[in-house]
2 protein chains.
Amino acid sequence: MNKKPPTSARPKSKRLSPEDRRQEFIRKATEFFADEGFNGGTRELARRLGVTQPLLYRYFPSKDDLIEEVYKKVYLEPLESGWEKRLMDRSRPIRERLCEFYNAYTDAIFTRIWLRIYLFSGLKGLEINRAYVNVVRDKILTRIVRECRAAADLPAQKPTAAELEMAWVFHGGIFYYGIRKYIYEASVLEDKDKMIADAVDVYLASFTRIAEPRRLSRRSDRLQLAGED
Amino acid sequence: MNKKPPTSARPKSKRLSPEDRRQEFIRKATEFFADEGFNGGTRELARRLGVTQPLLYRYFPSKDDLIEEVYKKVYLEPLESGWEKRLMDRSRPIRERLCEFYNAYTDAIFTRIWLRIYLFSGLKGLEINRAYVNVVRDKILTRIVRECRAAADLPAQKPTAAELEMAWVFHGGIFYYGIRKYIYEASVLEDKDKMIADAVDVYLASFTRIAEPRRLSRRSDRLQLAGED
DNA sequence: GACCATATTTATCACTCGATAATCAAGAAG
DNA sequence: CTTCTTGATTATCGAGTGATAAATATGGTC
């Protein structure tokens with residue numbers, strides 16, 4: 001919608017292109033709804049934008065349409081980085097790949113805004129949230145399990161339910177770090193990279209134990225624990 | 001609705017004791033707000049209770065007071081089981097104690113109602129939520145770390161930041177199982193006990209690796225991974 | 001039965017919400 | 001300047017909100 005071909009050569013942007021204005025509204029609306037929840041009023045939102053409330057309805061047919069735009073922006077943003085390729089680059093150690101992936105992924109989603117929008121929409125049970133969870137499972141976790149199996153010289157196969165569950169617990173442990181920091185606003189270990197590296201080490205170290213219980217004695221390399229018979 | 005009192009002498013329950021009625025309101029209000037969020041209207045809530053809306057204000061001065069009661073009920077309920085003692089019973093193996101604790105704890109909090117109320121209030125940044133997170137840290141995680149140190153014959157000391165962080169990741173991984181099941185309503189591994197047992201095994205197996213990096217070669221018992229130099 | 005305390009409802013207020021129509025303002029083109 | 005398009009505002013509507021007061025229904029007690 002680059003409406004006006006300016007008579008002069010350069011784009012004499014006086015006001016702001018309608019589409020740019022719209023995008024700015026979406027961006028600030030994302031911040032607003034992240035703070036206030038989707039029950040936040042359009043008047044308060046307009047006040048933050050520095051405009052009057054009815055103007056919103058020039059750019060969006062209804063509040064729900066605006067919210068829809070917020071959803072799309074938030075959910076698609078972290079997915080449009082090409083992290084899939086690097087996770088499957090078997091020329092590099094699996095540990096390095098996992099650490100790099102989760103460092104990048106959490107750099108994208110560990111923000112107050114993203115996590116809050118994500119949880120707000122999750123509590124509404126929206127389809128886009130279900131879809132995102134499926135993407136995490138299919139595009140991230142199953143690939144992680146597959147790569148771990150390959151790295152451990154286990155035969156390639158569809159991840160078992162238990163393997164997938166362990167990957168979810170691993171993933172959820174990391175994810176919960178973001179929730180603690182940006183939702184609960186609790187103090188966390190400052191060194192996020194170390195947290196991820198430790199979590200990856202723990203997951204990798206135990207991978208075969210869960211995936212292939214018969215390959216190792218389940219207790220052979222576990223701690224010797226007081227009272228264990 | 002066991003409202004008919006026998007004419008005989010026994011505990012002469014009238015129509016329903018005012019306090020009981022109040023508790024019933026709180027109980028159903030908890031379900032309601034778990035479904036609709038705390039922005040749910042008092043009229044719709046009253047409709048679910050089978051009464052008219054102004055009646056709520058005979059039992060609670062305001063909607064916020066009712067919500068406060070919901071908070072207290074939800075947050076205090078899972079804490080009033082004496083799980084602290086059993087976690088520190090060193091006559092039993094640490095693995096058994098951890099599994100038993102998390103089985104019981106998740107039996108208490110892994111419900112649609114509890115998790116939704118918890119997240120709704122967490123997103124509001126309420127003091128009671130902060131307090132609960134601190135309780136989890138001080139009454140559960142620090143004790144778990146302490147018991148693990150004892151079980152591994154490590155000297156007793158205040159948990160390091162890294163140890164606490166690993167405990168949080170462990171705890172969060174289990175917690176996220178509940179979120180996936182009851183918030184996202186995604187399919188999870190049906191056998192919750194197995195998920196917990198696996199998570200506990202993973203955590204315990206790696207405990208010394210993180211707690212005391214010098215006790216073991218960090219790579220001695222890890223998988224041999226393709227490409228690792 | 002009559003009486004009274006209280007549980008419950010009906011009617012209503014002041015306010016906020018999302019949304020719409022009418023009006024005004026600000027540039028661009030002639 | 002005048003005209004036209006469009007961005008932006010003012011005023012307002014109808015529905016829904018939490019909350020209050022007055023009126024009514026109900027059960028226990030004498």
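Computed from a prediction, not measured in an experiment: that's the story for all the values here.
- Between B/Y59 and C/dT8, a side-chain N or O to OP1/OP2 separation shorter than 4.0 Å is present.
- We find that OH of A/Y57 is positioned 15 Å from P of D/dT9, with the value rounded to whole Å.
- If you take CG of A/N39 and P of D/dG18, they are 11 Å apart, rounded to a whole angstrom.
- At a cut-off of 3.5 angstrom, the base of D/dG18 holds at least one donor-acceptor pair with the side chain of B/R43.
- The pair A/K192-B/E165 does not count as a salt bridge, with every side-chain nitrogen at least 4.0 angstrom from each carboxylate oxygen.
- Here the options are B/K85, B/R95, B/R92, the test is salt bridge (Lys or Arg N to Asp or Glu O under 4.0 Å), and the partner is B/E100; only B/R92 passes.
- Listed pair A/R58 / C/dT20 fails the phosphate criterion, with no side-chain N or O lying under 4.0 Å from OP1 or OP2.
- Counting non-hydrogen atoms under 4.0 angstrom, B/F60 reaches nothing in the nucleic acid.
- Taking the side chain of B/Q53 as heavy atoms from C-beta on, and the options C/dT9, D/dA19, D/dA11, the nearest nucleotide is D/dA19.
- Of the candidates C/dT9, D/dT9, D/dG18, D/dG18 carries the atom nearest the B/T42 side chain, counting heavy atoms from C-beta on.
- In this model, no donor atom of one side chain and acceptor atom of the other lie less than 3.5 Å apart for A/Y176 and B/H171.
- Distance A/L45 CG to C/dT16 P: 17 Å, rounded to the nearest Å.
- Applying the ring pair (Phe, Tyr, Trp, His ring centres under 6.0 Å) test to residues at least two apart or on different chains, the pairs with a partner in residues 117-150 of chain B are A/Y184-B/Y118, B/Y75-B/Y118, B/Y75-B/Y132, B/W114-B/Y118, B/W114-B/Y132, B/Y118-B/Y132, B/Y118-B/F175.
- The side chain of B/T52 lies closest to C/dT8 when the candidates are C/dG18, C/dT8, D/dA8.
- In this structure, A/L55 atom CG and C/dA26 atom P are separated by 15 Å, rounded to whole Å.
- Residue B/P54 places its side chain closer to D/dT20 than to any other of D/dT9, C/dA7, D/dT20.
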